[in-house]
Amino acid sequence: MARRIIIDTDPGIDDAVAILLALAAPDELDVLGIVAVAGNLPLAQTERNARRVCELAGRADISVYAGCARPLRRPLATAEHIHGETARDRLLLPEPIMALQPQHGVDFLIETFRAEAAGTITLCVLGPMTNMAMALVKAPEIAERIGELVVMGGACFELGNVTPAAEFNIHVDPEAAAIVLDSGIPITMIPLDVTQQVLTTPKRLAALHGLGNRCGLLAAFERKRRANFGGRGRALHDPCVIGYLLRPALFGGREVNVAIETHSPLTLGMTVADWWGVTGRKTNVRLMNTVDAGGFYDLITERLARLP
Ligand SMILES: [Ca+2]
């Protein structure tokens, strides 16, 4: 039976490829809905991009909801310098025809976790954790009904990508991340330590491009256009979350405590991981630190071949 998931996302380039990967695996992943959040771009663009990506994959039947339009306590800081040239601009994805769902995304999360059997739904968080934190504020009892949260976020041994200390998703809404990490929900975290190992190479891009379909082209094209930090190739961040669900054996890590810095102007949004267990703090996260990058690219290439 397919694993039932909800995708919480701010597309965004990486997000688009992650959504495609999920929609390319209907035998393994049943996408109950997609909830957009403000992050890489303002909410009006992330929810629209989510619908565009569903239509690109031929899945206009997926329900897309708009969630929170800004972080809990802070003004929104987007990454439009990276994601502003969206897939639509570059690959001329048309305005979406499928409608946005009228229900607020946070209420969709609450309603779904209340209605479905406890422990049966996985939430994939590919952006700031604002929606899940809001859901926990409105309905704390859903924490024990959530099967697992698989999160792209944080940086532990690797340094941050938005400040020297912090990764973008956590830095945008550190208070939300702190609420979610303190919730007791089983959390798997895929930080930059992992995603910065999943780097593009000319051969990997050629394989995606060579699929000859629109979804493969989108994945290859968006990967190619920016060199990564240090010119090593470009990381695939958010697709690692879906890759983990499809092939958990590609990833390795350990159970640790992760706490979020929410005060220091110097290190705001830092994911403080107690890798060696020196604090006595209770473990709350399965923190990934290794990945089989070649296996991951084989997986994504094979799956995206199934899409239009
Ligand atoms: Ca994202």
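Atoms within a ligand are numbered from 1 in the order they appear, just like the ligands themselves. Throughout, residue positions are numbered sequentially from 1 according to the sequence presented. Side-chain atoms are counted along with the backbone in the values below, which use heavy atoms only and exclude waters and symmetry mates.
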### Query
So which of L299, I300, L307 actually passes side chain to side chain contact (heavy atoms under 4.5 Å, CB included) with R303?
L299
### Query
Aromatic rings Y244 and F251: how do their planes relate, parallel, tilted or perpendicular, breaks at 30° and 60°?
perpendicular
### Query
Around the Ca ion (ligand 1), how many protein N, O or S atoms are there at under 3.0 Å?
5
### Query
For N284, what residues pass the side chain to side chain donor-acceptor pair (under 3.5 Å) criterion, not counting sequence neighbours?
none
### Message
Using a 6.0 Å distance limit plus a 45 degree cone around the ring axis, check whether R281 lies over the aromatic ring of W275.
### Response
no
### Summary
Residue pairs meeting salt bridge (Lys or Arg N to Asp or Glu O under 4.0 Å), one or both in residues 290-302, sequence neighbours left out, come to E302-R306
### Task
Mind jotting down which residue pairs meet the salt bridge (Lys or Arg N to Asp or Glu O under 4.0 Å) criterion with at least one end in residues 187-200? Sequence neighbours excluded, please.
none
